[in-house]
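By convention in this document, chain letters (A, B, ...) are assigned in the order of the sequence lines, proteins followed by strands, and residues within each chain are numbered from 1. Hydrogens, waters and symmetry mates are skipped; everything else that's a heavy atom, side chains included, is used.
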Amino acid sequence: MNANDHVIETRALSKRYGRKLALDNLDLRIPRGRIHAIVGANGAGKSTLFRILLGFLPPTAGQARILGKDSQALTPQDRARIGFVNEEHTLANWMRVSQVTAMQRRQYPHWSQDAFDGVIGHYNVLPEQKVGQLSRGERAGLNLALALAQGPELLVLDEPTLGLDVVAKRAFLESLLYRNAADDCTVIYCSHQMEEIERVADNLIILERGQLKNMSAPDDFTARVSHWVADVPFKGPDPRTVPGLLEVQRLDGLHHYLVLDQSDGFERFLRDAGARNVQSMPVSLDRAINAFLAKNHATPVAA
Amino acid sequence: MIDLFKSELLRFRLWAAVAFAVNLAVLSFLSRMMDLAQQPIFIYQLFGMVYVVAGALLGLYQMGTYRKPNQWLSLLHRPLHRLKIAGALSGANAVLLLVATALPILLVCAYQDTMTARVVDTRHWLLPVAAWWLAVSGYLAGAYAMVADRRYSFAAFLLPNLFMYAEASGVAMLGVQLVVIVFLAVLLAIAFKPDPSSVPSRNPLAVLAVALPVQVGAYFLLWLLGFAAELGWNVAGTHPLNAPEPPKGGYVQAQRAKGKDLLLLGIQDSRDPEAALWREQIALSDVYTTQPLRNLPVRNSLTNISPLEFADGDNNLMLVFSHDSERFVTRGLRDQRRIGAMGVGAEQAAFPAPTIPHGAMYLYNAHAVYQYDSEQQRMFERARLPPGEVMASPLEPAGDNILMFSDRAAYFFPGREAMSSLDLLKPLMRVPMSGQVGNLSRVDVVELLDGYLVSYTYTWGVWSGELQQPFQQVLRVDGDGHSREVTRRALSMDLPSMYTTRNVWLSPVIRELCLGAQDLFAASDPLRMKPQPMPASILWLAGACCLLSLLGAVWLTGKQAHSTSGRWGWVLLCGVIGLPALASLWLLYPMRERLDDLRLAQPAAA
């Protein structure tokens, strides 16, 4: 796989803000095509990564390339190949929908009116409406329509459904999936909404404290996480000794363990620790990711 | 690009319309009340400041809304060159400012020109352009302040301040405005990029352009900090201005002294045989004190030092000087109807320079003094300076005679003849000045039995570092006009020289730069003097500051991210410019981001 097969490629990418490290020696290669979801807790470095990739922030160390180009030297032509939708759906509030559309149409050489109409058709948006008068969901739809109509090779969606109600979220996802956007371009979908990730993502990328923690198909990641229920008398094993532990809970006298990368050997561990009865069950992607991200969540020293 | 341009027009069109309406309403109201073409300079300055502030607020607001991270990304992440985007945004606002500032002035100009008998010269038609460019300069400063790194970007607001101090006038002043606008546009173009906080590293000229206002800002800030010393002297009660008695033999005493006292101080050590007699005469006689002019009206200047007009109520006449016709244009005082024009003498000759009323009787310009005779309704030339000399003070009474100053000498004219005729007066005597008129702060004259005792006090600029040797000179002028020096008394500065010259030793280069900017495109002004050379001790202090700055730059650049040539370029710059350059180096470049120290400091992730 050569460099051009990766839409995003970072090598030892680091970014420091004062005494905090937002990106820590990040090596990330995202192949061309499909929908890639990037998840991570707040502060995991997702926004910093996008800002560096689009040339809006210099890295402290390392390299970042997007569509094979140095991210710090993108030309206007390069930018035409990259669509970006952010969570605020920043559009000119004072303009009418038709005016915004006309402006974008003239600016982007590969403008696809079909793509625009196909997406905007999911929303009750009139051309004469002012952008400032649109609901948040309608703004999101218009923004997605504009981004897809640009005909980008890479479309970055940075938490596009943040703050949308259930109906608007569904409309957004349907318009994205209905267009088969991934057929024409690579989509990077950054979100905290696991049901969305589950629905759209072909590839799951997990960032934590600026480091790459996982890159695989969502099902593969889910398969790495297992849920064990053990009937252990008294306290059970010291959590520090539990291999691959992500989360432990005691419910109705039973110990619930969420563990990473553990096979049947984990049952032996539990039985050795005194468990009288052990059961294993699959976990949802939502629960697996939440447990994974919560593992290293900062806690006060006294806790 | 045109779409973004139209988008910005659309965005602020209502604001522009409201600003246009308010501006037009205010100007129209004032125009009904007064002649807006004949206002003193502070009125124009007031309007100018409003336009600059309005432009600055627009720039701050517009770019402030775009500068939010997501907005900035949306604005610049598009297939348009960054300069085209900047051009579209700033171009649209320039057009809106044209509507809000220039158009109302243009309409009021047209109203005054076509519907009133007021004088509207060519220079007045340039006022809309000046107002527009003032607003645009404010806009660009505000836009740059918001776009670039705010650690230093607000220094751009210093640039429009140049208009307050610039010596240029008329079209030359428009040239100064254009230079400021171009410079600010270059700054905005440099900063208008995806990562605006980064200082350009490859183009040394761009680095210098960004650094210059920061250095000038640091220079003024350091200079202002010096006033803390004055505050301390005030608190301690030792400040010469606040002491119950000013220091003897000093600047403050010479400034405050009454004419008699100053003349007595001037001759207190005189061993002249007549000195005792003079002291008696000074005690008994009137002493006439005059301060020289600091400015003269300049042809085609956009503004006026003071209104170039006066009224002749007896004849129902209003006389207004026209720069275009070089004569006074007359109109009816009551009916406001145009009557004609009035030049000098019977032949109605043109005035050689813009002429301004002085007191109740006279008018003056750079070359001569005139008198308007109400009975004949005619202008008479009363006193004329020799070629090569310019007016420093028009006719003032001095005992039986009257006194006039040029930039080189004092002229005494016969008072009786001045009152009894309207002829051109011939000077009785000429008393040359030994110092520069630009340093002259006052002239005190007492009439003796046969001649005059004249005191020249040279203290102007002593606290701004322009004058290093203030002194008082007393001359004895006999009845035939022969003058001789009686005493020459050196005056002390009252404040430490290191304090008054801090504008030099902080950075001699920036001081020269500021003086150069002040005189940009300006014609030479004979009433202003070039600063005197600094004492050697001050030059050594300036050199020490530059050396300190150079060493500081060696240390500081070691902690910042620079290329080798960039680093030593900055070290050299700090060595040449001094402390302001070091301050700008600190403000422009953050400390180098390193990872090794951070990794050591952070606990390993669990």
Side-chain angles (χ1 to χ4, degrees), chain A residues 12 14-21 24-25 47 50-52 54-62 71-72 74-96 99-100 102-110 143 150 156 158 208-209 211 295-296 298, chain B residues 1-15 62 65-85 88-89 92 149 193-202 561 589-606:
Chain A
S14 296
K15 180 63 189 176
R16 174 181 175 165
Y17 294 118
R19 293 176 56 223
K20 285 195 75 175
L21 206 51
D24 186 2
N25 216 25
S47 297
F50 291 140
R51 292 191 187 291
I52 291 176
L54 293 174
F56 284 75
L57 205 60
T60 302
S71 67
Q72 299 301 304
L74 294 179
T75 64
Q77 290 73 32
D78 296 331
R79 294 191 183 279
R81 298 164 61 201
I82 307 165
F84 185 80
V85 173
N86 64 49
E87 78 270 20
E88 291 176 15
H89 303 291
T90 42
L91 295 166
N93 284 340
W94 57 92
M95 293 177 80
R96 297 184 189 284
Q99 291 171 321
V100 174
M103 181 165 78
Q104 299 291 93
R105 187 187 300 129
R106 276 190 284 270
Q107 283 182 4
Y108 287 88
H110 301 116
N143 207 5
Q150 292 162 14
V156 179
D158 186 7
E208 189 182 23
R209 297 191 178 186
Q211 294 174 334
K295 183 185 66 169
N296 290 324
Chain B
M1 181 182 175
I2 192 72
D3 291 296
L4 270 179
F5 175 80
K6 285 195 281 191
S7 163
E8 282 305 293
L9 284 184
L10 201 64
R11 183 184 184 190
F12 292 111
R13 68 191 189 287
L14 190 62
W15 291 30
Q62 182 206 28
T65 55
Y66 280 125
R67 195 59 182 82
K68 293 170 187 167
N70 280 331
Q71 296 279 2
W72 191 246
L73 205 153
S74 292
L75 179 67
L76 281 164
H77 181 67
R78 59 181 71 225
L80 269 182
H81 193 276
R82 62 185 184 88
L83 293 184
K84 285 187 177 176
I85 300 172
L89 264 53
D149 192 327
K193 57 190 176 192
D195 178 20
S197 59
S198 65
V199 177
S201 55
R202 291 181 187 168
Y589 297 92
M591 294 297 143
R592 188 194 301 127
E593 287 182 346
R594 291 170 55 189
L595 296 173
D596 47 355
D597 57 335
L598 193 65
R599 291 218 172 90
L600 287 172
Q602 280 191 340

Quick check for you: among [options], which has the greatest number of heavy-atom pairs under 4.5 Å with chain A?
| options | value |
| --- | --- |
| B/T65, B/N70, B/D195, B/L4 | B/N70 |
| B/L73, B/L76, B/L80 | B/L73 |
| B/Q71, B/R78, B/H81, B/K6 | B/R78 |

**OP:** Provide the closest heavy-atom pair for B/P194 versus A/G55 in the form atom of the first, atom of the second, distance.
**Re:** CB-O, 3.2 Å
Given that the side chain runs from C-beta out, which part of [X] has a heavy atom under 4.5 Å from chain A: side chain, backbone, both or neither?
| X | result |
| --- | --- |
| B/F12 | neither |
| B/P590 | neither |
| B/I2 | neither |
| B/S198 | neither |

**OP:** Verify, without hydrogens or angle tests, whether B/H77 (side chain) and A/F56 (backbone) share a donor-acceptor contact under 3.5 angstrom.
**Re:** no
If we only count heavy atoms from C-beta on, is the [X] to [Y] side-chain gap below 4.5 Å?
| X | Y | answer |
| --- | --- | --- |
| B/E8 | A/W94 | yes |
| A/T90 | B/K68 | no |
| A/N86 | B/S74 | yes |

Heavy-atom cut-off 4.5 Å, strictly under: side chain, backbone, both or neither for [X] against chain B?
| X | answer |
| --- | --- |
| A/Q107 | both |
| A/Q72 | neither |
| A/L74 | neither |

Subject >> Qualifying residues under side-chain contact (heavy atoms from CB on, under 4.5 Å), relative to B/A561, sequence neighbours excluded >> reply: B/R592
Original post:
In terms of heavy-atom pairs under 4.5 Å with chain B, which of A/A61, A/A92, A/P58 leads?
Top reply: A/P58
